[in-house]
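This report refers to the structure that appears directly beneath it.
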Amino acid sequence: MKASLKGRYETEKSNGPAAAASFVFNAGDFKLRASLTDATVVNGPSLNGLALAVEKPGYFIADYNVPKKDFRFQFMNTVRVAEKPLNLTYIHSRGDNRTILDGTLVVDSANKLSVNHALGSGNFKFKYAYVHGGVTTFEPSYDWAKNTWDFAVARKVYGDDVLRASYQTSSQVLGLEWFRNSKQNGAFKISASVNLAEEKKVPKLIAESTWNLEI
């Protein structure tokens, strides 16, 4: 049986470093996932930070937060509009009774248009992704409620590696990411972000790694 292990380490300037891990098992057409944080094991085993999920890729994801006893459902579907695929996602969190609708229209291999809406919020988020030459992606996005723009640029380097830079104008957060996704060796991502509006510009660092296992 194939499985994967994902580890995450995050620096926090106020609460100290935080760690998390996820275990994913393939069961036919489904994936079973168990996630935990350092709160699950520090000071003895507990249910804090424990989450369980079942997924059928491309169709649905059901998440269960064990300590909060909260469910989160996500359904995916694809329809065609003017012979173009429109990827639709419906997300509902029972705990805060929040529903999100997301749609992405794939115009062609280089152009995508996305709209995100939280029901009852009156807010819409729009994003356009353009891939130039198959290696560089430009992603401007617009938040209707905040009337602000965010920008991101990603570029493929060294085959499986991708470098990405982003800037959120509303929060003045500048971010940098380096990630790799290999079917043979798993994946990793290293990201750093800094709030330029803060007097002490201390970067927040996150390291993630995924290992593919054969059980």
Side-chain angles (χ1 to χ4, degrees), residues 1-12 17-41 49-65 72-76 78 85 87 89 91 100 102 104 106 109-110 112 114 116 127 129-139 141 150-168 173-194 203-215:
M1 181 173 63
K2 293 184 178 181
S4 63
L5 169 63
K6 180 178 180 180
R8 174 187 173 98
Y9 182 83
E10 178 177 342
T11 62
E12 288 284 359
S22 297
F23 303 88
V24 180
F25 301 91
N26 295 331
D29 294 335
F30 296 88
K31 291 185 177 182
L32 307 177
R33 183 176 71 248
S35 304
L36 52 88
T37 68
D38 49 6
T40 313
V41 294
L50 179 62
L52 305 174
V54 58
E55 173 186 1
K56 185 173 183 180
Y59 291 92
F60 73 86
I61 303 174
D63 291 285
Y64 179 63
N65 188 308
R72 178 180 178 271
F73 301 96
Q74 177 173 328
F75 299 94
M76 298 84 79
T78 299
N87 301 321
T89 303
I91 303 172
I100 298 175
D102 187 274
T104 299
V106 183
S109 60
K112 295 181 182 179
S114 301
N116 180 283
K127 184 171 71 173
Y130 168 66
V131 181
H132 179 72
V135 294
T136 304
T137 303
F138 301 91
E139 292 182 343
S141 58
D150 296 334
F151 302 93
V153 179
R155 182 175 177 84
K156 293 181 179 179
V157 293
Y158 307 122
D160 293 330
D161 292 30
V162 176
L163 296 177
R164 186 177 186 269
S166 62
Y167 180 67
Q168 302 174 15
V173 173
L174 176 66
L176 295 174
E177 294 181 356
W178 171 33
F179 54 93
R180 174 185 296 171
N181 191 1
S182 172
K183 292 183 178 180
Q184 291 77 25
N185 302 319
F188 75 83
K189 180 171 73 171
I190 299 174
S191 59
S193 62
V194 60
K204 175 181 177 181
L205 303 176
I206 299 176
E208 299 180 7
S209 185
T210 302
W211 299 270
N212 296 322
L213 308 173
E214 190 75 36
I215 301 177

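Test Thr136, Val131, Val162 against Lys156 for side chain to side chain contact (heavy atoms under 4.5 Å, CB included) and you get one pass: Val162.
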Applying side chain to side chain contact (heavy atoms under 4.5 Å, CB included), run through Phe23 and Leu36 and close with a yes or a no. CA-CA 9 Å; Phe23 303 88; Leu36 52 88; 4.2 Å; yes

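Asp63 pairs by the side chain to side chain contact (heavy atoms under 4.5 Å, CB included) definition with Arg33, Ala53, Ile61, Arg72, not counting sequence neighbours. Residues meeting the side chain to side chain contact (heavy atoms under 4.5 Å, CB included) test with Lys112, sequence neighbours left out: Thr104, Val106, Ala129.
Listed here is the closest heavy atom pair of Leu176 and Ala165: CD2-CB, 3.7 Å. The two residues Asp29 and Lys56 have their closest heavy-atom pair at O-CG, 3.7 Å. A pairwise comparison of heavy atoms in Pro203 and Thr11 identifies O-OG1, 4.3 Å as the closest pair. Closest approach of Ser166 and Arg164 over heavy atoms only: CB-NH1, 3.9 Å. When all heavy atoms are compared, the tightest approach of Phe60 to Ala62 is CD1-N, 4.3 Å.
Atoms CZ and OH, from Phe30 and Tyr59 in turn, are 10.5 Å apart once rounded to the nearest 0.5 Å. Separation of atoms OG1 (Thr89) and CE (Met76) is listed at 6.5 Å; rounding is to 0.5 Å. Atom OG in Ser4 sits 8.5 Å away from atom CZ in Phe25 (nearest 0.5 Å). Within the model, atoms CG of Leu205 and OG of Ser191 stand 8.0 Å from one another, a figure rounded to the nearest 0.5 Å. Rounding to the nearest 0.5 Å gives a distance of 10.5 Å between CG of Leu163 and CZ of Arg180. In this structure, CH2 in Trp178 is found 5.5 Å from CD1 in Ile190, a value given to the nearest 0.5 Å.
With a 4.5 Å cut-off on side-chain heavy atoms, Glu10 and Arg8 count as touching.
Between Tyr130 and His132, the angle of the ring planes lies from 30° to 60°, which puts this pair in the tilted group.
Looking only at atom types and distance, the side chain of Thr78 has a donor-acceptor partner in the side chain of Asn87 under 3.5 Å away.
Environment of CZ in Phe138: crowded, with over 12 heavy atoms of neighbouring residues, nucleotides or ligands closer than 6.0 Å.
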